[in-house]
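Notes follow once the structure below has been shown.
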Number of protein chains: 2
Amino acid sequence: MRDLSRASGMSLAGLYYYFQSKERLLFLIQKHTFTTIVQRLKERLAGAVDPEQRIRIFILNHLEYFLANPASMKVLSHEADALKNSFAVEVAAIKREYYRICVGLMDDLKRDRSLEFSTRIAVLSLFGMMNWIYTWHNPRVDADAGQIAREMGDIVLRGVLNGARVRR
Amino acid sequence: MRDLSRASGMSLAGLYYYFQSKERLLFLIQKHTFTTIVQRLKERLAGAVDPEQRIRIFILNHLEYFLANPASMKVLSHEADALKNSFAVEVAAIKREYYRICVGLMDDLKRDRSLEFSTRIAVLSLFGMMNWIYTWHNPRVDADAGQIAREMGDIVLRGVLNGARVRR
DNA sequence: ACTGAATTCGAACGAACGTTCGAATTATCT
DNA sequence: AGATAATTCGAACGTTCGTTCGAATTCAGT
């Protein structure tokens, strides 16, 4: 909180006037971030029907946001279990909605192409790829969000599309 | 340190008698973990020549260790940037060696199959998949290391093997 | 200009933290 | 048994942390 006070130019007591507690400030950051990402995602998904294309939109939306806001990504990844009680419950609900959207997209792809694989592992692997990026991405040497989204999309989609077909 | 004192049954001062500082204790944990993983990996790789099989061994070795030692995984992921100066340098060297081994395995696969893709993105995506697991794996509902290693191996290897061929 | 509400802040509080110290206890060797 | 070294610990140290308080300042409406 003293670091934030110094960085923002507002006194320590002033910060508490607006945010009540360190935990509530963290809650507001997490809630704002996930809400923004989910909202943008819904807008972008509205214009696409192809299951593969919709998963690519999901990946691009996620990476664009976090590569543009690397500090947010660090806070969300690092402090994922820091909230308690109602704060934790409310953030968990938004995260769950976001996760369920991705599961839905993956299941649509499975149905559309008559594929057979574990949706849970595929989705969580995808989240792992995307979220781990905050540990290594360097804007001076690495490609931009669009390029990385394409490459990660290639890996997951090929990985999944070339798998076992449902036997009929 | 007080938590560790309580959990271990040794007094706080006793802990400092053996570990000198909190940072050195963290250093020893990180060094021990990475050293162990790299050593086991080398033993297992000694008996395999097929590039695809070698990558599968890498994945299995990594997941087996971390699913058996979830607390280690949390410490390594969470405190990856916590060390300073010589401690940081020494751990970074082992991590780099581990990373380079995986890059080597991926490049072997590329050469063997005449493939074209970004080794860096493929390897870092693989690490992301594997390391993110500490945020979601529940031994009561999720499969064991062998099964998950197979599924993640399928995703990465198919994703990469079905990509563009080098044009000749 | 006056008043009540909103905003801002310096200064402090108590708790938790990493660490150290000196003394007590235990182990080892002759 | 006595001497030396290794181990263990309660108690404290200075610092940092999250938070609060009361007073000062600014703002809005009359």
Among [options], which nucleotide has an atom closest to any side-chain atom of [X]?
X      : options                   : answer
L12(B) : dC9(D), dT19(C), dT8(C)   : dT19(C)
A13(B) : dC9(C), dT8(D), dC21(C)   : dC21(C)
R2(B)  : dT19(D), dG10(D), dG18(C) : dG18(C)

Contact list for DNA chain C against residues 14-27 of chain B - heavy-atom distance below 4.0 Å: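 Only Y16(B), S21(B), K22(B) qualify.
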To the nearest Å, give me how far apart [atom1] ([X]) and [atom2] ([N]) are.
X     : N       : atom1 : atom2 : value
L4(A) : dG18(D) : CG    : P     : 9 Å
D3(A) : dC17(D) : CG    : C1'   : 11 Å
R6(B) : dG10(D) : CZ    : C1'   : 16 Å

Between [Y] and [X], does any NZ, NE, NH1 or NH2 come within less than 4.0 Å of an OD or OE carboxylate oxygen?
X       : Y       : result
R113(A) : D50(A)  : yes
D81(B)  : K95(B)  : no
K31(B)  : E90(B)  : yes
E52(B)  : R158(B) : no
D112(B) : R54(B)  : no

From CZ (R24(B)) to CG (L28(B)), nearest 0.5 Å: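 Answer rounded to 0.5 Å: 4.5 Å.
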